[in-house]
A.B. asks: 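Below you will find the structure I want to go over with you.
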Amino acid sequence: MLTKKQSELLRFINERLKETGVPPSFDEMKDALDLRSKSGIHRLIMALEERGFIRRLPNRARALEVLRLPESSTPSSSQRGGRFPVIEGNLGRVRANVPVEEIGAAISIPVMGRIAAGTPISAIQSRSHTISMPPDMLSTGEHFALEVRGDSMIEAGIFEDDTVIIRRQDTAETGDIVVALIDDEEATLKRLRKRGASIALEAANPAYETRIFGPDRVQIQGKLVSLLRRY
């Protein structure tokens, strides 16, 4: 599963290789995807390489090889307004009014990859595995899990290598800790603050600055409801 921007970049690289045999430059990729800077392209390439869609060839400038393409090159009908949901389906869903005999049964939660509590990284990817959670650690609705990378939320008790359990939702209140997708390409775990018409994504570590965006640049993907930690 790729984000819209990741899919666009992969198709662009593949088409350019077919046409010319030479990968596009970072400037060409930036212009094709209408991004503000080449750093966004760098993050997208890292995400595609991590997921096995492309490979960077050593000792050669601009050398990229497309290893595979997604099963479908067209956006899913579930992408409303060009936005890509984190997960689909009922896995990880907790129902309201559960029968008494089912209370206490473990719920399988899909682990969807990594989320940055620090410099934003791509978080959305195919389900890698599932974990079992007791229902009393969840709320009603659909859930997914993400593995934390970074230290920007340490004062909220969220550390590197923790697994956060997220309730899928596209709205949140000021003060909620959320998974936020920025510009359809960067995902991060931060505390949400609404400042007039703007959205602030606030770290829980004084070493990190609060980032402020227009509402059209941020999509809420879910809200933190629980956390797992191994010692």
Side-chain angles (χ1 to χ4, degrees), residues 1-6 39-40 42-44 46-47 50-51 83-88 91-92 94 109-131 133 137-139 141-195 198-231:
M1 185 183 297
L2 298 178
T3 65
K4 179 184 175 184
K5 289 294 185 183
Q6 289 165 4
S39 63
H42 179 68
R43 286 189 292 270
L44 291 172
M46 287 181 63
E50 180 181 274
R51 298 174 191 180
R83 302 284 188 175
F84 210 112
V86 171
I87 58 174
E88 298 176 2
L91 190 61
V94 178
I109 304 297
V111 179
M112 302 300 294
R114 299 182 299 172
I115 184 71
T119 303
I121 58 174
S122 179
I124 305 172
Q125 63 185 56
S126 299
R127 184 174 74 244
S128 59
H129 60 284
T130 62
I131 57 176
M133 293 288 296
M137 291 186 68
L138 305 172
S139 57
E142 190 173 348
H143 298 76
F144 59 95
L146 293 165
E147 297 166 348
V148 174
R149 296 292 180 268
D151 62 356
S152 72
M153 297 302 290
I154 56 175
E155 293 189 1
I158 302 170
F159 298 93
E160 177 101 20
D161 296 327
D162 283 349
T163 298
V164 289
I165 311 301
I166 307 296
R167 181 185 187 274
R168 181 179 173 182
Q169 57 188 70
D170 56 13
T171 60
E173 300 298 326
T174 289
D176 289 344
I177 296 177
V178 301
V179 172
L181 185 65
I182 305 166
D183 295 332
D184 283 327
E185 63 181 74
E186 298 178 1
T188 190
L189 184 72
K190 292 290 183 290
R191 192 178 298 279
L192 176 74
R193 301 288 185 192
K194 296 179 181 179
R195 298 185 177 179
S198 299
I199 293 176
L201 299 177
E202 181 181 276
N205 181 337
Y208 292 84
E209 295 183 352
T210 296
R211 303 176 70 192
I212 301 175
F213 302 92
D216 59 325
R217 296 184 59 192
V218 177
Q219 180 191 9
I220 303 302
Q221 302 257 283
K223 174 185 172 181
L224 176 71
V225 297
S226 192
L227 179 145
L228 292 177
R229 178 173 300 148
R230 292 182 176 87
Y231 291 93

A.B. asks: Once rounded to the nearest 0.5 Å, what's the spacing between atom CD of Gln169 and atom CD of Glu142?
C.D. replies: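 It comes to 11.5 Å.
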
A.B. asks: What's the shortest heavy-atom distance between Ser198 and Ile212, and which atoms?
C.D. replies: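 Minimum heavy-atom contact is CB-CG2, 3.8 Å.
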
A.B. asks: I'd like to check Asp161 versus Arg149 (side-chain heavy atoms, cut-off strictly below 4.5 Å). Are they in contact?
C.D. replies: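 Asp161 reaches Arg149 side chain to side chain.
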
A.B. asks: Is the shortest heavy-atom distance from the side chain of Leu192 to the side chain of Leu201 under 4.5 Å?
C.D. replies: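 Touching, per the 4.5 Å side-chain cut-off.
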
A.B. asks: I'd like to know if the side chain of Ser152 reaches the main chain of Asn205, judged simply by a donor and an acceptor atom lying under 3.5 Å from each other, with no hydrogens or angles considered.
C.D. replies: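 Checked: no pair found.
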
A.B. asks: Taking the side chain as every heavy atom from C-beta outward, state whether Met133 and Leu228 have any atom pair closer than 4.5 Å.
C.D. replies: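 A side-chain contact exists here, since the closest heavy-atom pair is under 4.5 Å.
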
A.B. asks: So with a 6.0 Å cut-off around NZ of Lys223, is the heavy-atom count from everything else above 12?
C.D. replies: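 Not more than 12 within 6.0 Å, no.
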
A.B. asks: Is there a side-chain contact between Ile220 and Val179 in this structure, where contact means two heavy atoms from C-beta onward sitting under 4.5 Å apart?
C.D. replies: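 The answer is no; the side chains never approach within 4.5 Å.
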
A.B. asks: Considering all heavy atoms of both residues, which atom of Ala172 and which atom of Val178 are nearest to each other, and what is their separation?
C.D. replies: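 Closest pair (atom of Ala172, atom of Val178, distance): CB-CG1, 3.6 Å.
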
A.B. asks: May I ask you to test the His143-Arg168 pair for a side-chain heavy-atom distance under 4.5 Å?
C.D. replies: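 In short, these two side chains do not touch, never coming nearer than 4.5 Å.
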
A.B. asks: Is the shortest side-chain heavy-atom distance between Met153 and Ile177 below 4.5 Å?
C.D. replies: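 Of all side-chain heavy-atom pairs linking Ile177 with Met153, at least one is under 4.5 Å.
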
A.B. asks: Return the CD1 to OG1 distance between Ile115 and Thr163, rounded to the nearest 0.5 Å.
C.D. replies: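 Rounded to the nearest 0.5 Å, the CD1-OG1 separation comes out at 12.5 Å.
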
A.B. asks: Nearest 0.5 Å please: distance from the CZ atom of Arg229 over to the CD1 atom of Ile158.
C.D. replies: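 It comes to 9.0 Å.
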
A.B. asks: Do you know the tightest heavy-atom contact between Ala145 and Ile109?
C.D. replies: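 Closest approach of Ala145 to Ile109: N-CG2, 3.7 Å.
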
A.B. asks: For a quick test of reading the model, state the closest non-hydrogen atom pair linking Ser226 to Met137 and the distance between them.
C.D. replies: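 Closest approach of Ser226 to Met137, heavy atoms only: OG-CE, 3.0 Å.
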
A.B. asks: Show, in sequence, the C-alpha distance, side-chain angles and deciding distance for Leu224 and Ile166, and conclude whether the side-chain contact (heavy atoms from CB on, under 4.5 Å) test is met.
C.D. replies: CA-CA 5 Å; Leu224 176 71; Ile166 307 296; 4.2 Å; yes

A.B. asks: Would you compute the distance between atom NZ of Lys190 and atom CG of Asp176 and round it to the nearest 0.5 angstrom?
C.D. replies: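 Atom-to-atom, Lys190:NZ and Asp176:CG are 15.5 Å apart.
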
A.B. asks: Does a side-chain heavy-atom distance below 4.5 Å link Leu146 with Phe144?
C.D. replies: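 They are in side-chain contact.
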
A.B. asks: Any chance you could measure Ile154, atom CD1, to Glu160, atom CD, to the nearest 0.5 Å?
C.D. replies: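 Result: 11.0 Å between the selected atoms.
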
A.B. asks: When rounded to the nearest 0.5 angstrom, what distance separates OG1 in Thr174 from CD in Glu202?
C.D. replies: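 Spacing of OG1 (Thr174) from CD (Glu202) equals 10.0 Å.
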
A.B. asks: If you compare all heavy atoms of Ala180 against all heavy atoms of Val218, which two are closest, and at what distance to 0.1 Å?
C.D. replies: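 Smallest interatomic distance, heavy atoms only, reads CB-CG1, 4.0 Å.
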
A.B. asks: Can you find a heavy atom in the side chain of Arg211 that is under 4.5 Å from one in the side chain of Ile182?
C.D. replies: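 In short, these two side chains touch, coming nearer than 4.5 Å.
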
A.B. asks: Whether the side chain of Arg191 engages the backbone of Gly175 through a donor-acceptor N/O pair (distance < 3.5 Å, no angle test) should be reported.
C.D. replies: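 A pair under 3.5 Å: yes.
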
A.B. asks: Between Ala156 and Ala204, which heavy-atom pair has the shortest distance, and what is it?
C.D. replies: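 Looks like N-CB, 3.7 Å.
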
